[in-house]
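What follows is a single structure, written as structure tokens, with notes after it.
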2 protein chains.
Amino acid sequence: MHLLVVEDDHHVAGALTGVLQRRHFDVTRAATGREALDLMDDSVGMVLLDLGLPDMEGFEVCGLIRRRFDVPIIMITARSELTAKIHGLGLGADDYLVKPFDLRELIARIEAVGRRARPVTATGTDTVITVHGVRIDLASRKVCVEDTPISLTRKEFEILAALARHPGVAVRRERLISEVWQTDWAGIGRSLEVHVASIRHKLGVPDVIETVRGVGYALAVE
Amino acid sequence: MHLLVVEDDHHVAGALTGVLQRRHFDVTRAATGREALDLMDDSVGMVLLDLGLPDMEGFEVCGLIRRRFDVPIIMITARSELTAKIHGLGLGADDYLVKPFDLRELIARIEAVGRRARPVTATGTDTVITVHGVRIDLASRKVCVEDTPISLTRKEFEILAALARHPGVAVRRERLISEVWQTDWAGIGRSLEVHVASIRHKLGVPDVIETVRGVGYALAVE
DNA sequence: CGGCCACGTGACCAATTCGTGACCTCAAGG
DNA sequence: CCTTGAGGTCACGAATTGGTCACGTGGCCG
């Protein structure tokens, strides 16, 4: 499991990193919200997010990460303000801790959150997804069908990648739109369908992307 | 909002009652698990449950209440054992507090739980429920009967999912309607029954959805 | 400049999916 | 038994929703 620890206090960050590494977690540290966003990628399996960040409001970071990645987030805060906590949960944090906290509790929560998150841990560290003879490499942005490379446009790849991050899971329209177009405005005409059609056509293999009526699309699993 | 406070310590119970009543909550007190179950009825909108009860184990009470009523439960415990907390959430508690707690925090959580009562998995962390050979995957929105996939429409799936989140619990009509149709307007003609009929027919297996006369529907448990 | 490519848009179509109201069934209570 | 009301069933028209097409725009490059 790859953890991203976002914490500006070096002492705290160091302590956390130590404890977590001893627990065999793979830890990456970020000191600012900006840095956190830069370091985020599909390999990160969970985020520990300190709300007291210097450059960006913690909630903002949470929102930005959530908008782009489907990753569990545990908020850590020195503030005991209740409104903050609630806001946190409302924004999509999966759990939160108030400093000072018991490290054992942290571990327990990480494991609890991890357990109740998607069982896609198999693909959590893996950036290559293969389905129905279609190989999707999220890192190098390459797609192959039966070892013959397929060239996809940017939007096409983004859509496919968004689906590939959760194989078999129906990704709702709005979510796809927000991930690919970086906007919450859903009024994107028939653009999504057109691109999906294009992907299907290029891949040749039908049913790799299956449409879930009334919801969105899903990457087929065998 | 009608609250049921289950707490054996009279001092604590008194304090809670006072604070909550000042907040315009309607409060009923119960000192034992037995009493709590006797006092439960449909008017209760939320339960505050102390785990350190004299006659019954708190978790047991939680389970019994959950089996019969679809109501949010906030657990209160003097034990700081983490396993207990996790167990609590897994059992269907919507939140929990550790004594001693800040009363303002209690209020905040009550309001938070009430507000979010609808959307997500209240029954725990599993996204796959299996009953009578019917497998319901909430994440991928797939339903199978004996491993043969069944295609449900959106409304059908939403209804089944709403039931599946509380297996064995009778979910009342209004609640189903509010969850599936996102409205509190109950005047939905015979639409609900029609969809339920459709689900039953598609699943083939009878009695997976059992109707609870005068209340609503429930997912059968074996 | 002119062609190519990626993308957005809106019209149009076919297929589902929903909602509705009439009518039927059945269990509980008098 | 009979009444009653909640729940079940059915069929059909209306509303959604996704797929496809054709076209327009703007960037990029020879």
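Protein chains get the first letters and strands the later ones, always in sequence-line order, with residue 1 at the start of each. Values below: every heavy atom of this structure, side chains too, minus hydrogens, waters and symmetry copies.
- Closest approach to the A/Arg190 side chain among C/dT17, C/dT20, D/dG18 is made by D/dG18 (side chain taken as heavy atoms from C-beta onward).
- As rounded to whole Å, 14 Å separates atom C1' of C/dT17 from atom CD of B/Glu158.
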>> Go through it in stages, so that I can follow the logic: the residues are B/Tyr217 and B/Val212, the test is side-chain contact (heavy atoms from CB on, under 4.5 Å), and I'd like the CA-CA distance, side-chain angles, deciding distance and then a yes or no.
In response: CA-CA 5 Å; B/Tyr217 298 89; B/Val212 183; over 6 Å; no

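- For A/Glu210 and C/dT16, the CD to C1' distance is 17 Å, given to the nearest whole Å.
- Within the 4.0 angstrom heavy-atom criterion, base atoms lie near A/Val194.
- Nearest nucleotide to the A/Thr153 side chain, out of C/dC7, D/dG8, D/dG18: C/dC7.
- OP1 or OP2 of D/dT20 has not a single side-chain nitrogen or oxygen of A/His201 nearer than 4.0 Å.
- Residue A/Lys155 contributes atom NZ, which lies 15 Å from atom P of D/dG27 at whole-angstrom precision.
- Neither OP1 nor OP2 of C/dC18 sits under 4.0 Å from any side-chain N or O of B/Arg154.
- We find that A/Arg200 and A/Asp207 are not joined by a salt bridge, their nearest charged nitrogen and carboxylate oxygen being 4.0 Å or further apart.
- Following rounding to the nearest Å, B/Leu192 (CG) and D/dG7 (C1') show an atom-to-atom distance of 10 Å.
- Applying the 4.0 Å criterion to OP1 and OP2 of C/dC18, one finds that B/Trp181 has every side-chain N and O outside that range.
- Among the nucleotides D/dG8, C/dG8, D/dT20, the one closest to any side-chain atom of A/Glu193 is D/dT20.
- Proximity of a side-chain donor or acceptor of B/Lys142 to a complementary backbone N or O of B/Ile136 within less than 3.5 Å is not detected.
- One interatomic measurement links the two molecules: NE2 of A/His195 to P of D/dG19, which rounds to 14 Å at whole-angstrom precision.
- Put simply, CD1 on A/Ile199 is 16 Å from C1' on D/dT20, counting in whole angstrom units.
- Comparing atom distances between the B/Thr211 side chain and each of D/dG8, D/dG18, C/dG8 picks out D/dG8 as nearest.
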>> Between B/Ile73 and B/Met46, is the side-chain contact (heavy atoms from CB on, under 4.5 Å) condition met? List the steps.
In response: CA-CA 6 Å; B/Ile73 297 176; B/Met46 192 178 302; over 6 Å; no

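- Atom CG of B/Leu176 is separated from atom C1' of D/dA6 by 15 Å (rounded to the nearest Å).
- The shortest side-chain heavy-atom distance between A/Leu20 and A/Leu3 falls under the 4.5 Å cut-off.
- Protein atom CZ of A/Phe157 is 21 Å distant from nucleotide atom P of C/dC5, rounded to whole Å.
- Backbone-only contact: A/Tyr217 has heavy atoms under 4.0 Å from sugar-phosphate atoms and none from a base.
- The listed nucleotides are C/dC26, C/dT20, D/dG8; the one nearest the side chain of B/Arg213 is C/dC26.
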